[in-house]
Amino acid sequence: MDKDELDILRHTSAHIMAQAVTELYKDVRLGIGPTIEDGFYYDFDLDHTFTPDDLEKIEQKMREIIKKDIPLVREEISREEAKKLFEKAGATYKVDLLQKIEEPVVSIYRQGDFVDMCRGPHLKSTGRVKHFKLLNLAGAYWRGDENNPMLQRIYGTAWKTKGELDDYLNKLEEIAKRDHRRLGRELDLFSMSEDIGPGLAVYHPYGTTLRFIIEDFLKEEHKKRGYQFVISPHIMKASIWKTSGHYQMQYPMYFFDIEGQEYGIKPMNCPAHIHVYKSQPRSYRTLPLRFFELGTVYRHERSGVLHGLLRVRGFTQDDAHIFCLPDQIEQEILAALEFAFFALKTFGFEEYHVMLSTKPDKYVGTEENWERATEALKTALEDNKVSYEVDPGEGVFYGPKIDVKLKDALGRLWQGPTIQVDFNLPERFDMVFYGADNAQHRPVMIHRTVLGSVERFMGALIEHYGGAFPMWLAPVQVVIAPIADRHLGYATEILNELTANDIRAEIDERRETIPAKIRDAQMRKIPFTVVVGDKEEEAKTLAVRGRSGQDRRGVRLKELVLEIKEKVETKSSDEV
RNA sequence: GCCGGUGUAGCUCAGUGGUAGAGCAGCUGAUUUGUAAUCAGCAGGUCGUGGGUUCAAAUCCCUCCGCCGGCUCCA
């Protein structure tokens, strides 16, 4: 079924839900009820506060409306007429919507006594909606503005067939199983605690192993690409944040006092990198300079937005600042973009959604530089054959930017790399270089990340693989399961050989049965479980069980080592 | 921050005003085990926090905190 058809189905479902709510409750004022990916919602303003039990009641009512097979009738009326109609009905939000509509004629849809303003189109009658489910309740500000009243939103989903609905509901379950917060605990990767503080992750040994693998990869690749590594302090005096402007714009920072001096915890690494730049006179001959730091920053995110590793208060950016000549912008952006895609691909992300944000109404810098930088970003995208969308006017005031969102195994999008040109900070910090003309010129600054934040990326990575990491990323690559105590010696020999080859292995020494050891290793999503008993010890071989269930007997240790090393070196994501 | 939900053992959850429970995990013991859970026993909780109502509160009310689903914002 094509997308438009589904859209119509869901839109009609939203209308049926609105009718059901209107019939069930008094004084309901309708907000808007659009379709969204995989479903629909409708916003309501009413005295009654919905509870999860109400969803069932509303669904029941919707079924009645569907059973009656009420026709949906389109009418076109003038804006004025519509305004009168909705004013009379006390539909204040619809009247508010009408204020913003310029067309002289609007369409309304009637189904029985229920009327809603709507562009349409709709199904012919309510009976054509068959497979739907109301999912959850939420609060939402009218028109998304927190100065407006908050409405109650009901989310639902609707599909053409029962099979598709069931598939979708199963997918929701699958998503829940892959939730990085759940896997983080189950795989003993990280945890967060009320005692430590909200939005602050603590890495456990396995999580730290995974993080170091990611960080080592980043360091190596940055080195290859001509970045120089720097380190900056976590706290810096408030004055530098005044120079950067973060202080005045009330950036959500943490400030505190040391012996009468105000300090702030860094929410960004740029000022320190600029400081490195300014520590000596710079010549055009030495540009571009690329300073890289795995910089841990803290931002005071509002409590309601925190979410596992994906939205935290303390995180580490794979942050770099490139200082270059205006005519180097293009090559630098091209290189940065290639780098970002290379890294994402290495970690198994093959699909992206790329956004180019251009000059907003209020901006700093010259028209010419904006033009040049925006063109550079475009050219870099096109040279990389990346399809992208332009978000006109959505750039930050200091420069245009590229945002890359990655698509995971379940088709969800995650904020990843960003590349931003900055005309503001070089100005504010009065950065200069000496040109061939022996005069002082302003360098251009590019902020860029490859993965974004290590925390967020790890969260996305955990969900992408559902915790079943490819060999090179798996915190534990091999679990050795001796059948009885008498095999512990042989197991230790194997462990030592694996460890000597930089393979991350453990022995399951518990006095448990083999089925129990296998089950535990399987639940931990360990790539290989090596079972050793009398037969193996005698023949000096291994029985190797892969995570996907296949069992190989009589394997030589050397073969296994080579196989694992090969997978690690190629960063293969082939299942074992 | 705002709206709604929610908080009981390490984890998953039961317990609606009258003596805090289960499974898994943990510990102890027995079992020496061949590809997704061997058996038994033991231990573990000021029921998120502070206050209130009551003869009596995990249970009812209020405060604060955390978490979950959204809104808004972002790496």
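Chain naming here is simple, since letters A, B, ... match the order of the sequence lines and numbering starts at 1 in each. In this text, all values refer to a predicted model and were calculated from it rather than measured experimentally.
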Colleague: Quick check with a 6.0 Å cut-off and a 45 degree axis cone: is A/R225 positioned over the face of A/F339's six-membered ring?
Modeller: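 Output yes; distance and angle both within limits.
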Colleague: Nearest to the A/A138 side chain among B/rG70, B/rG1, B/rC74, which nucleotide is it?
Modeller: B/rG70
Colleague: State plainly whether the residues A/R412 and A/E174 are in salt-bridge range, i.e. N to O under 4.0 Å.
Modeller: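 Result for this pair is no, no salt bridge flagged.
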Colleague: If we take the P atom in both B/rC13 and B/rU8, what is their distance in whole Å?
Modeller: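 It comes out at 9 Å once rounded to the nearest Å.
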Colleague: Any side-chain N or O of A/H447 below 4.0 angstrom from OP1/OP2 of B/rA75?
Modeller: no
Colleague: Going by number, which of residues 178-200 of chain A have a non-hydrogen atom under 4.0 Å from RNA chain B?
Modeller: A/R181, A/R185, A/E194, A/P198
Colleague: Which heavy atom of A/K525 sits nearest to which heavy atom of A/L183, and what is that distance?
Modeller: CE-CD2, 4.0 Å
Colleague: Could you check whether any side-chain N or O of A/T157 sits under 3.5 Å from a backbone N or O of A/K133, counting only pairs where one atom can act as donor and the other as acceptor?
Modeller: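 Looks like no, no N/O pair under 3.5 Å.
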Colleague: By the 4.0 Å heavy-atom rule, please label A/G452 as base, sugar-phosphate, or nothing.
Modeller: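 If one applies the 4.0 Å heavy-atom cut-off, A/G452 turns out to touch the sugar-phosphate alone, with no base involved.
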Colleague: When all nucleic acid strands are considered with a 4.0 Å heavy-atom cut-off, which category describes A/Y41: base, sugar-phosphate, or nothing?
Modeller: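 Here A/Y41 touches no strand at all.
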Colleague: With C1' as the reference atom in both, quote the distance from B/rU72 to B/rC55 in angstrom, rounded to an integer.
Modeller: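 Looking at atom C1' only, B/rU72 and B/rC55 are 50 Å apart.
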Colleague: Are the aromatic ring centres of A/H464 and A/F349 under 6.0 angstrom apart?
Modeller: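 When the ring centroids of A/H464 and A/F349 are compared, they turn out to be within the sub-6.0 Å range.
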Colleague: Give a yes/no verdict on base stacking between B/rA75 and A/F315: centres under 5.5 Å, planes within less than 30° of parallel.
Modeller: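 Yes; by the centre-distance and plane-angle rule, A/F315 counts as stacking on B/rA75.
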Colleague: Without decimals, in angstroms, what is the distance between A/I214 CD1 and B/rA75 C1'?
Modeller: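 For the pair A/I214 CD1 and B/rA75 C1', the rounded distance is 14 Å.
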Colleague: Which value, in whole Å, describes the distance between the P atoms of nucleotides B/rG23 and B/rG5?
Modeller: 33 Å
Colleague: Counting the atoms with a prime plus P, OP1 and OP2 as sugar-phosphate, which does A/V312 contact under 4.0 Å by heavy atoms, base, sugar-phosphate, or nothing?
Modeller: base
Colleague: Tell which nucleotide pairs with B/rA56, taking only Watson-Crick or G-U wobble pairs whose two distances are both under 3.5 angstrom.
Modeller: none
Colleague: Got a salt bridge between A/K266 and A/E293, using NZ or NE/NH1/NH2 to carboxylate O under 4.0 Å?
Modeller: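 Judged by the 4.0 Å cut-off on N to carboxylate O distance, A/K266 and A/E293 do form a salt bridge.
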Colleague: Can you tell me, in whole Å, how much space there is between the P of B/rU35 and that of B/rU31?
Modeller: 22 Å
Colleague: Are the aromatic ring centres of A/F291 and A/H321 under 6.0 angstrom apart?
Modeller: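 Centroid distance A/F291-A/H321: not below 6.0 Å, so no.
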Colleague: Who does B/rG66 pair with, Watson-Crick or G-U, both distances under 3.5 Å?
Modeller: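 The answer is B/rU6, by the H-bond criterion.
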Colleague: When you measure from the side chain of A/Q317, which nucleotide among B/rA75, B/rG69, B/rC2 comes out closest?
Modeller: B/rA75
Colleague: Only one of A/D96, A/D45, A/N148, A/T92 forms a side-chain hydrogen bond (donor to acceptor under 3.5 Å, both in side chains) with A/W142, so which one is it?
Modeller: A/D96
Colleague: By the 4.0 Å heavy-atom rule, please label A/T49 as base, sugar-phosphate, or nothing.
Modeller: sugar-phosphate
Colleague: Taking the P atom in each of B/rA30 and B/rG44, what is the distance between them to the nearest angstrom?
Modeller: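 Approximately 23 Å lies between the P atom of B/rA30 and that of B/rG44.
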Colleague: Grab the two heavy atoms, one from A/D508 and one from A/P482, that are nearest each other, plus how far apart they are.
Modeller: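 For A/D508 and A/P482, the tightest heavy-atom pair comes out as O-CD, 3.4 Å.
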Colleague: Does the separation of the ring centres of A/F132 and A/W159 fall below 6.0 angstrom?
Modeller: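 For A/F132 and A/W159, the ring centres are not under 6.0 Å apart.
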Colleague: Counting side-chain heavy atoms from CB outward, which of B/rG1, B/rC3, B/rG5 is closest to A/E146?
Modeller: B/rG1
Colleague: A/D54 CG to B/rG5 P: how many Å, rounded?
Modeller: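 Whole-Å distance recorded here is 11 Å.
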Colleague: Want to settle it: does A/T449 or A/S303 sit nearer the 5' end of RNA chain B, counting the closest nucleotide to each?
Modeller: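 The residue closer to the strand's 5' end, by nearest nucleotide, is A/S303.
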Colleague: In the structure shown, which nucleotide is the Watson-Crick or G-U wobble counterpart of B/rU72, with both distances under 3.5 Å?
Modeller: none
Colleague: What does B/rU16 pair with, Watson-Crick or G-U, if both distances are under 3.5 Å?
Modeller: none
Colleague: Using atom P in both nucleotides, what's the gap between B/rA14 and B/rC73 to the nearest angstrom?
Modeller: 36 Å
Colleague: Expressed in whole Å, how much space separates the P atoms belonging to B/rG17 and B/rA57?
Modeller: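 It comes out at 14 Å once rounded to the nearest Å.
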Colleague: From CZ of A/R302 over to P of B/rC3, roughly how many Å is that when rounded to an integer?
Modeller: 12 Å
Colleague: Taking pairing as Watson-Crick or G-U wobble with both contacts under 3.5 Å, can you name the mate of B/rG23, or confirm there isn't one?
Modeller: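 With both distances under 3.5 Å, B/rG23 matches B/rC11.
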Colleague: If the sugar-phosphate is the primed atoms plus P, OP1 and OP2 and the base is the rest, what is the B/S/- string for nucleotides 33-45 of chain B, using protein heavy atoms under 4.0 Å?
Modeller: BBBBBB-------
Colleague: What orientation do A/F342 and A/F217 show, parallel under 30°, tilted 30 to 60°, or perpendicular over 60°?
Modeller: parallel
Colleague: For the pair made of CZ in A/R311 and P in B/rC68, what is the distance, rounded to whole Å?
Modeller: 13 Å
Colleague: On RNA chain B, does the nearest nucleotide to A/R143 precede the nearest nucleotide to A/E301 from the 5' side, or the other way round? Give the residue.
Modeller: A/R143
Colleague: Do A/Y254 and A/Y298 have their ring centres less than 6.0 Å from each other?
Modeller: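 No.
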Colleague: Round to the nearest Å and state the distance from A/L344 atom CG to B/rA75 atom C1'.
Modeller: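 After rounding, the reported distance stands at 13 Å.
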Colleague: Rounded to whole Å, please give me the gap between CG in A/L151 and C1' in B/rC71.
Modeller: 10 Å
Colleague: With both distances under 3.5 Å as the test, what is the Watson-Crick or G-U wobble partner of B/rA40?
Modeller: B/rU28
Colleague: Roughly how far apart, to the nearest Å, are B/rA58 and B/rG15 at atom C1'?
Modeller: 9 Å
Colleague: Under 4.0 Å between a side-chain N or O of A/T418 and OP1 or OP2 of B/rA75?
Modeller: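 For A/T418, the contact criterion (side-chain N or O under 4.0 Å from OP1 or OP2 of B/rA75) is not met.
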Colleague: Please report, rounded to the nearest Å, how far the C1' atom of B/rU72 is from the CZ atom of A/R153.
Modeller: 11 Å
Colleague: Does B/rU46 pair with anything, Watson-Crick or G-U wobble, both distances under 3.5 Å, and if so, with which nucleotide?
Modeller: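 Result: none.
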Colleague: Could you give the CE-to-P distance, from A/M253 to B/rA75, as a whole number of Å?
Modeller: 15 Å
Colleague: Looking at the base of B/rG1, is there any donor atom on it, or on the side chain of A/Y141, that sits under 3.5 Å from an acceptor on the other one?
Modeller: yes
Colleague: Any carboxylate oxygen within less than 4.0 angstrom of a Lys/Arg side-chain nitrogen, looking at A/R313 and A/E455?
Modeller: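 A/E455 and A/R313: not salt-bridged.
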Colleague: Listed in order of residue number, which residues of residues 24-34 of chain A have a non-hydrogen atom at under 4.0 Å from RNA chain B?
Modeller: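 Residues of residues 24-34 of chain A that come under 4.0 Å of RNA chain B do not exist, since none gets that close.
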Colleague: Mark yes when over 12 heavy atoms from residues, nucleotides or ligands other than A/K405 sit less than 6.0 Å from its NZ; otherwise mark no.
Modeller: no
Colleague: Is A/R153 paired with A/D43 through a side-chain N to carboxylate O contact shorter than 4.0 Å?
Modeller: yes
